[in-house]
Trainee: 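Please find one structure pasted underneath; my questions will follow.
Computation of the quantities below employed the complete heavy-atom set of this structure, encompassing side-chain atoms and omitting hydrogens, waters and symmetry-equivalent molecules.
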Amino acid sequence: MKLDIPFLLRNLTLEEKAGLCSGRNFWWTKAVERLGLPTVMVSDGPHGLRKQDSEGDHLGMSESVEAVCFPTGAALAASFDRELTGRLGRLIGREGRAEKLHTVLGPAINIKRSPLCGRNFEYLSEDPFLAGELSAAFVSEVQSQNVGVCVKHYAANNQEYRRMSTDTVVSERALREIYLAAFEKTVKEARPWSLMCAYNLINGTYCCENSWLLDDVLRKEWGFDGIVMTDWGAMNDRVRSLRAGLNLEMPSSRGHNDKKIVAAVEQGELEIAELDRRVEELLHWIEKGLSDEPAVSGYDREAHHAVAREAAAECAVLLKNDNGLLPLSKTADVVFIGSFAASPRYQGGGSSYINAFKVSNAVEAAKGTADITYEPGWQPDGETGDPSLLDKAVKSASKAAAAVVFAGLPDSYESEGYDRTHLNMPACQNELIAAVCAVQPNTIVVLHTGSPVVMPWLDKVPAILNMYLGGQAVGEASVDLLFGDSAPAGRLAETFPHRLEDTPCYLNFPGDGRKVTYAEDVFVGYRWYDSRSMDVTFPFGFGLSYTDFSICNPKLSSDSFDGTGTLNITVNVTNIGPCAGKHVVQLYVAPPVDGKTPRPAHELRGFEKVELAPGETKCVSFLLDKRSFAYFEESIGDWRIESGVYTIQLGSSSRDLPLSATVQVRGSALPLLWSESLTVGDIIAAGRSDALGSALDRMQQVFGAKAASRNFAGSQGMFDALADGLPVHSMASFIDVEYDFEEAIRRNLENNL
């Protein structure tokens with residue numbers, strides 16, 4: 001269905017145009033029936049649909065229609081699998097069509113700045129490259145079903161504490177390299193229909209009225225052609241937001257902000273052309289979802305559940321497997337312990353909470369697969385201990401061939417709306433795991449968490465399987481993995497630190513309630529831990545399999561790169577173990593060791609997931625471009641490559657990179673611009689020592705004479721250090737001549753730009 005947009009713009013009244021800029025209620029836009037403009041519906045949906053037919057809310061408290069709950073973002077990112085992510089997006093798109101939705105609110109791609117963020121279970125990764133690749137795959141496939149997405153939350157909304165009013169103080173470099181990068185890739189490669197602006201301020205300006213964020217970067221620089229809507233209740237100044245590029249306020253303002261738009265136009269404070277531009281963008285967005293294709297009457301929920309089961313297994317990360325304890329024999333006497341075995345925690349709380357049409361649990365799923373007994377171990381809430389239940393669990397564990405403890409974080413520990421304050425699991429769970437290990441050497445812990453935890457029992461437990469929050473089929477997927485019907489193939493998309501105190505923003509999270517300073521800058525996640533050679537519990541990218549792999553023979557298409565075109569890297573991967581499996585080959589780029597710009601030790605710039613039969617070898621290929629070697633240089637407001645020798649690192653995690661190759665990269669010199677802080681060292685480093693004339697020689701003569709009179713042997717080193725950091729305006733203090741060297745040097749520089 002096509003809309004006659006020029007006709008609508010000519011015939012809509014001022015009040016109707018203003019009214020279109022806010023929702024009718026929690027989920028619907030306004031219609032203009034006299035002109036044939038329909039209302040459309042949006043719905044939460046990062047990992048499944050949360051469609052509310054009647055009473056609406058944005059925190060998941062009201063009932064929604066039954067749907068399929070797929071693995072949450074934290075789990076999905078651990079798949080390191082673009083194809084799988086796209087497949088789930090396609091299914092969610094089909095479900096959206098069946099539910100007559102216009103736009104699904106998701107994916108959520110904020111960076112995991114701290115493991116304490118209460119909403120991390122929804123977010124993909126601490127790494128923007130991984131988050132961007134998976135987000136683009138998801139968005140493309142949802143929208144292939146003629147259902148839109150709303151990528152969120154744009155931008156730098158990395159905590160729940162006072163998320164609606166906190167000012168994020170962050171450098172442009174950190175924004176560009178870390179917090180905006182996944183959005184940029186998604187916009188450029190997948191062309192989402194809409195973006196959701198975040199609640200917070202960035203450097204003093206609310207995201208909803210930040211013209212640099214919404215217009216300069218998003219539209220003009222990245223070429224975004226969709227609409228921007230608020231997060232629910234994120235509006236501050238309606239007229240200022242409209243000018244900045246904000247189209248749609250959600251939910252309804254009950255007419256208050258519509259009247260402000262009308263008044264601003266009538267009083268000459270807002271040009272009607274600005275309002276028309278925002279309304280025209282809205283109309284194009286509405287039109288995209290008005291399909292002429294036959295309506296979809298439903299979808300096969302059981303078939304989608306089967307995919308959810310497969311996906312949960314693909315996303316699971318095997319963190320430990322001493323002596324090949326897993327997979328377990330189906331004939332072994334195994335005890336399942338912990339309330340999550342019978343009632344798994346499979347999703348997080350808040351706006352993404354899905355009313356799953358069914359949920360599998362490990363106890364039921366194991367029937368027909370293995371002979372298991374079940375002991376709850378603690379109270380159903382997951383955080384209250386019970387001595388009698390503990391004793392029964394320990395007794396059963398001592399008699400079994402193996403014990404599997406299903407543990408993790410209960411609902412009260414992580415949710416939208418508040419952050420965690422520590423990395424601990426409930427004490428009753430840690431106590432039980434330790435007690436079981438004392439009587440059963442074959443103890444396996446299956447984790448259900450949305451983010452990292454510390455593990456005081458780590459050295460005692462021989463096997464750990466992290467299911468994250470794996471969706472409604474997580475119980476079946478757990479049993480598939482435990483007994484070898486599936487093989488774990490996930491890799492951590494975030495670092496598991498030893499202590500909260502080790503985390504990059506420990507001293508600056510969550511701020512003072514008014515602002516939060518991103519003092520760690522670009523050193524987020526593994527960029528922090530690896531640059532400091534800091535020991536961690538499990539590194540970024542880590543994950544084991546039931547088989548073993550080797551990689552060899554890295555080849556580069558060239559040993560030099562000038563920033564144009566692409567550089568191709570290939571490597572051979574072989575399954576050297578006993579069974580089929582999937583390996584994630586990861587490529588990192590390390591900057592020149594003599595580089596002048598502070599940069600992380602290395603950064604993920606490529607990954608490929610490859611399936612191999614025993615003995616099989618495949619060649620994996622990567623393409624690197626200019627951005628693979630660049631950093632954002634604030635002084636020029638652009639991406640820049642620093643010349644030097646870069647190292648290409650290949651391996652299985654950010655800490656396991658056995659293969660490397662070097663490439664000589666030719667970048668660009670920074671322009672030498674006059675400023676009050678320009679130093680002698682800056683001028684020399686830029687190859688413009690000629691601009692100094694005789695000033696440097698004269699200063700060295702004076703300095704050298706004084707040093708010689710004191711017989712000071714280290715004078716040259718001291719002079720070099722002094723000159724390197726000496727502002728030009730301070731040279732007169734060290735030259736015994738009445739001459740304006742500063743003005744002469746300025747003229748020399750400006751005459752030779």
Side-chain angles (χ1 to χ4, degrees), residues 171-177 521-523 531 560-564 589-601 626-627 629-647 663-710 712-753:
S171 72
E172 184 178 359
R173 181 185 173 193
L175 280 171
R176 296 285 195 159
E177 294 186 26
D521 206 54
V522 300
F523 294 91
S531 298
S560 63
F561 183 64
D562 65 0
T564 61
V589 174
V593 294
D594 58 351
K596 301 299 183 185
T597 302
R599 300 181 69 176
K626 175 183 177 180
R627 283 285 289 271
F629 300 94
Y631 74 97
F632 191 83
E633 174 54 54
E634 292 184 345
S635 68
I636 61 174
D638 201 356
W639 296 91
R640 173 183 178 252
I641 294 178
E642 187 175 20
S643 295
V645 177
Y646 289 73
T647 303
V663 56
Q664 179 70 50
V665 179
R666 186 171 72 251
S668 57
L670 285 173
L672 187 63
L673 303 176
W674 177 266
S675 72
E676 293 183 351
S677 60
L678 186 70
T679 71
V680 173
D682 294 334
I683 296 172
I684 295 173
R688 290 300 315 279
S689 56
D690 61 286
L692 295 170
S694 62
L696 189 62
D697 292 338
R698 179 60 183 164
M699 189 170 70
Q700 187 163 16
Q701 289 172 8
V702 174
F703 190 90
K706 293 181 178 179
S709 68
R710 297 181 57 191
F712 182 54
S715 61
Q716 187 59 48
M718 181 183 289
F719 176 79
D720 291 343
L722 171 66
D724 179 65
L726 184 69
V728 172
H729 64 248
S730 298
M731 291 186 72
S733 300
F734 298 90
I735 302 175
D736 191 18
V737 175
E738 291 186 7
Y739 180 71
D740 193 345
F741 281 103
E742 180 180 356
E743 181 60 28
I745 293 169
R746 185 204 297 260
R747 286 199 307 272
N748 286 341
L749 290 175
E750 292 176 347
N751 290 338
N752 290 281
L753 287 178

Trainee: Could you tell me which residues satisfy side chain to side chain donor-acceptor pair (under 3.5 Å) with S730, sequence neighbours excluded, listed by chain and number?
Mentor: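 If we apply the side chain to side chain donor-acceptor pair (under 3.5 Å) test to S730, skipping adjacent residues, there are no hits.
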
Trainee: Restricting to side chain to side chain donor-acceptor pair (under 3.5 Å), what partner residues turn up for Q664, sequence neighbours left out?
Mentor: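 By the side chain to side chain donor-acceptor pair (under 3.5 Å) rule, Q664 matches no residue at all.
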
Trainee: Please enumerate all residues that pass side chain to side chain donor-acceptor pair (under 3.5 Å) together with R627, with sequence neighbours excluded.
Mentor: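 Testing R627 for side chain to side chain donor-acceptor pair (under 3.5 Å), a comparison that skips the adjacent residues, returns E184.
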
Trainee: Closest approach of G667 and S643, non-hydrogen atoms and distance?
Mentor: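 For G667 versus S643, the nearest heavy atoms are N-OG, 2.7 Å.
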
Trainee: Any donor and acceptor pair, going by atom type alone, linking the side chain of S531 with main-chain N or O of P600 inside 3.5 Å?
Mentor: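 The answer is no, because no donor-acceptor pair under 3.5 Å joins these two groups.
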
Trainee: Can you list everything that forms a salt bridge (Lys or Arg N to Asp or Glu O under 4.0 Å) with D521? Sequence neighbours excluded, please.
Mentor: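 So D521 forms no salt bridge (Lys or Arg N to Asp or Glu O under 4.0 Å) with any residue.
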
Trainee: Got a sec, which residues hit ring pair (Phe, Tyr, Trp, His ring centres under 6.0 Å) with F629, two or more places apart in sequence or on another chain?
Mentor: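 Scan of F629 (ring pair (Phe, Tyr, Trp, His ring centres under 6.0 Å), adjacent residues dropped) gives F561, Y646.
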
Trainee: Going by the rule side chain to side chain contact (heavy atoms under 4.5 Å, CB included), which residues pair with D562 if we only count those two or more places apart in sequence or in a different chain?
Mentor: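 Listed in chain order: T564, R666.
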
Trainee: Can you pull the salt bridge (Lys or Arg N to Asp or Glu O under 4.0 Å) pairs that have at least one residue in residues 629-645, sequence neighbours excluded?
Mentor: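 Residue pairs passing salt bridge (Lys or Arg N to Asp or Glu O under 4.0 Å), neighbours aside: none found.
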
Trainee: List for me each residue that meets ring pair (Phe, Tyr, Trp, His ring centres under 6.0 Å) alongside F523, sequence neighbours excluded, and say none if there are none.
Mentor: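 Scan of F523 (ring pair (Phe, Tyr, Trp, His ring centres under 6.0 Å), adjacent residues dropped) gives none.
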
Trainee: Listed by chain and number, what are the side chain to side chain donor-acceptor pair (under 3.5 Å) partners of S675, not counting sequence neighbours?
Mentor: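 Partners of S675 under the side chain to side chain donor-acceptor pair (under 3.5 Å) test: S677.
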
Trainee: Just jot down the side chain to side chain contact (heavy atoms under 4.5 Å, CB included) partners of A630, sequence neighbours excluded, or say none.
Mentor: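 A630: side chain to side chain contact (heavy atoms under 4.5 Å, CB included) contacts with W639, I641.
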
Trainee: Could I get the full list of side chain to side chain contact (heavy atoms under 4.5 Å, CB included) partners for E676, not counting sequence neighbours?
Mentor: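 Residues passing side chain to side chain contact (heavy atoms under 4.5 Å, CB included) with E676: none at all.
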
Trainee: Can you tell me how far the CG atom of D682 sits from the CG atom of L670, to the nearest 0.5 Å?
Mentor: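 Reported to 0.5 Å precision, the distance equals 9.5 Å.
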
